[in-house]
Amino acid sequence: MTDAALAPAPVLDQEAKTEFPIPANVFAEKVVSVQHYTDRLFKFRITRPASFRFRSGEFVMIGLPNAEKPVFRAYSVASPSWDEELEFFSIKVPNGPLTEHLQKIQSGDTVLMRKKPTGTLVNDALIPGKRLYMFSTGTGVAPFASLIRDPETYEKFEEVILTQTCREVNELTYAKELVEEVINDPLVGELAAGKLRLHTAATREPYPCQERITTLIENGKLFEDLGVPRLDPAVDRGMICGSMEMINDTKAILEKHGLEEGSNASPSTFVVERAFVG
Ligand SMILES: Cc1cc2nc3c(=O)[nH]c(=O)nc-3n(C[C@H](O)[C@H](O)[C@H](O)COP(=O)(O)OP(=O)(O)OC[C@H]3O[C@@H](n4cnc5c(N)ncnc54)[C@H](O)[C@@H]3O)c2cc1C
């Protein structure tokens with residue numbers, strides 16, 4: 001007899017309607033909607049457990065109920081802390097252990113979420129300032145999608161500047177639509193109007209701005225485009241989310257301008273988080 005034949009049959013968890021029992025530290029939530037942007041990017045929204053609390057900008061671990069030991073991956077919650085649902089903005093990695101399946105989810109499917117949120121891209125980790133820069137590449141925009149919808153961000157900063165750099169122009173659609181929505185939102189719109197601005201760049205296609213964010217900071221074009229002074233540690237604050245290389249390069253530039261890295265335990269003038277490992 002084979003090992004597979006000896007293995008216990010999967011149990012149907014009646015409450016979550018999944019084939020395997022759900023561990024106590026995991027929520028099983030329903031997919032509410034899915035929107036595909038490109039063959040590499042999609043957004044999905046799930047129900048929010050009544051007991052789940054998080055700070056805008058934090059991340060959680062997401063998985064699928066497709067195995068006894070599901071693969072969990074870190075995901076920034078893209079919706080703000082007040083939202084009744086939870087939104088995520090995801091990559092589709094070819095043959096990626098999680099996203100090869102996650103990209104196929106549909107409304108009504110179950111998504112698993114570990115109960116504990118965490119992260120450094122939160123307002124609490126920055127000391128007060130005038131202007132908040134959110135520097136992102138690709139799905140690194142997700143935590144900022146949460147923060148730009150949180151009224152606290154506008155109570156704390158007079159100007160909020162979101163930058164996103166992608167390879168292709170259509171990868172910028174999620175952020176562009178979102179900023180438009182935020183400005184027209186009945187709850188946050190009034191606070192965000194005149195404060196929130198988006199600066200986008202596409203590096204591999206013809207686009208008005210085709211340079212990396214590091215180049216744009218160093219050559220001053222970012223500040224010229226926005227009509228603001230160059231970085232000043234007395235008034236400017238930063239949050240960085242992207243690849244390891246983008247983070248290290250941007251961090252070095254901010255440090256050269258006198259900003260210092262902070263954390264939840266020790267708030268300062270900028271904070272960083274990886275958008276993915278690898
Ligand atoms: C703190 C943190 C927050 C994260 N938040 C998000 C998020 O909000 N949205 C999201 O899509 N991913 C996010 N990620 C990445 C995510 O955890 C997974 O890596 C991703 O979902 C792919 O999972 P996978 O199992 O299919 O492939 P993996 O085995 O995890 O990844 C395979 C390879 O794909 C590449 N890759 C993985 N994720 C990305 C990405 N997001 N952008 C570009 N290339 C990538 C890397 O080269 C990686 O080595 C986050 C990672 C960390 C550490």
Side-chain angles (χ1 to χ4, degrees), residues 57 76 78 89 120-121 123 125-149 153-154 156-180 182-183 192-262 268-275:
S76 297
F89 182 51
T120 49
L121 299 179
N123 281 320
L126 291 177
I127 57 172
K130 179 179 170 200
R131 193 177 294 116
L132 172 60
Y133 286 94
M134 300 167 165
F135 300 111
S136 72
T137 51
T139 59
V141 77
F144 305 139
S146 172
L147 284 158
I148 63 168
R149 287 185 262 189
T153 306
Y154 304 100
K156 205 164 168 182
F157 297 98
E158 287 171 33
E159 282 181 67
V160 177
I161 295 162
L162 171 61
T163 81
Q164 191 191 21
T165 311
C166 289
R167 292 176 191 169
E168 295 167 17
V169 177
N170 58 8
E171 292 173 341
L172 300 164
T173 305
Y174 172 72
K176 286 181 182 173
E177 288 181 355
L178 183 66
V179 167
E180 196 66 31
V182 171
I183 287 169
K195 286 191 167 187
L196 174 63
R197 283 194 290 163
L198 175 67
H199 189 285
T200 51
T203 52
R204 298 213 185 149
E205 280 186 346
Y207 194 65
C209 183
Q210 284 185 263
E211 280 158 314
R212 286 161 176 259
I213 190 65
T214 41
T215 310
L216 294 168
I217 303 174
E218 288 206 296
N219 67 15
K221 189 169 181 306
L222 176 69
F223 311 105
E224 276 165 35
D225 286 354
L226 294 164
V228 296
R230 289 191 181 213
L231 287 176
D232 174 357
V235 291
D236 290 328
R237 303 291 170 259
M239 291 184 173
I240 313 172
C241 192
S243 65
M244 210 58 219
E245 188 193 359
M246 175 270 193
I247 288 174
N248 287 339
D249 293 351
T250 313
K251 182 177 146 146
I253 296 173
L254 296 198
E255 283 172 346
K256 207 166 82 183
H257 284 82
L259 281 84
E260 282 175 3
E261 186 173 354
S268 191
T269 47
F270 80 91
V271 279
V272 306
E273 196 134 76
R274 278 185 295 180

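The basis for the numbers below is simple: all heavy atoms, side chains too, and nothing from hydrogens, waters or symmetry mates. FYI, the numbering just counts along the sequence from 1.
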Inset, instruction - Kindly say whether Ala78 contributes a backbone atom to a donor-acceptor pair with the side chain of Ser146 at under 3.5 angstrom? - result: no

Legend entry - Residue pair Leu162 / Phe144: nearest heavy atoms and the distance that separates them: CD1-CB, 3.7 Å

Inset, instruction - Before giving the answer on salt bridge (Lys or Arg N to Asp or Glu O under 4.0 Å), spell out for Lys251 and Glu261 the whole-Å C-alpha distance, their side-chain angles and the decisive distance to 0.1 Å. - result: CA-CA 8 Å; Lys251 182 177 146 146; Glu261 186 173 354; 2.7 Å; yes

Legend entry - Residue pair Ile217, Lys256: steps toward the side chain to side chain contact (heavy atoms under 4.5 Å, CB included) verdict: CA-CA 11 Å; Ile217 303 174; Lys256 207 166 82 183; over 6 Å; no

Legend entry - Phe157 side chain reached by Lys130 side chain, heavy atoms, under 4.5 Å: no

Legend entry - Test item: Cys241 and Val272 side chains (from C-beta on) under 4.5 Å apart, heavy atoms: no

Legend entry - Which residues share a side-chain hydrogen bond (donor to acceptor under 3.5 Å, both in side chains) with Thr153, sequence neighbours left out: Asn123

Inset, instruction - Could you tell me whether a side-chain N or O of Glu205 sits under 3.5 Å from a main-chain N or O of Val169, the two making a donor and an acceptor? - result: yes

Legend entry - Exercise: identify the closest heavy-atom pair between Ala201 and Leu216: CB-CD1, 4.5 Å

Legend entry - Closest contact, heavy atoms only, Thr200 versus Lys176: OG1-CE, 4.2 Å

Inset, instruction - For residues Arg274 and Met244, determine if any side-chain heavy atom of one lies less than 4.5 Å from a side-chain heavy atom of the other. - result: yes

Inset, instruction - Flag the pair Phe270 / Asp236 as yes when at least one side-chain heavy-atom distance between them is below 4.5 Å, and no otherwise. - result: no

Legend entry - Student check: side-chain heavy atoms of Leu196 and Glu159 closer than 4.5 Å: no

Inset, instruction - Considering only NZ, NE, NH1 and NH2 on the basic side and carboxylate oxygens on the acidic side, decide whether Arg131 and Glu158 come within less than 4.0 Å. - result: no

Legend entry - Spatial distance of atom CZ (Arg230) from atom CG (Leu222) [nearest 0.5 Å]: 10.0 Å

Inset, instruction - Answer yes or no: is there a donor N or O on one side and an acceptor on the other, between the side chain of Glu171 and the main chain of Glu168, under 3.5 Å? - result: yes

Inset, instruction - Side-chain contact test, heavy atoms from C-beta onward, threshold under 4.5 Å: evaluate it for Met134 versus Thr163 and give yes or no. - result: no

Legend entry - Side chains of Leu132 and Lys156 in contact at under 4.5 Å (non-hydrogen atoms): no

Inset, instruction - Would you indicate whether Glu255, at its atom CD, is surrounded by more than 12 heavy atoms from other residues, nucleotides or ligands within a distance under 6.0 Å? - result: yes

Legend entry - Distance (rounded to the nearest 0.5 Å) between Ile183 CD1 and Leu178 CG: 10.0 Å

Legend entry - Check: Asn170 main-chain N/O paired with Thr173 side-chain donor or acceptor under 3.5 Å: yes

Legend entry - Between Tyr174 and Thr139: side-chain donor-acceptor atoms closer than 3.5 Å: no

Inset, instruction - Could you label the plane-to-plane angle of the Tyr133 and Phe223 rings as parallel, tilted or perpendicular, counting under 30° as parallel and over 60° as perpendicular? - result: perpendicular

Legend entry - Minimum side-chain heavy-atom gap Phe135-Thr165 below 4.5 Å: no

Inset, instruction - Assess the side chains of Gln210 and Thr203: does a donor N or O sit below 3.5 Å from an acceptor N or O? - result: no

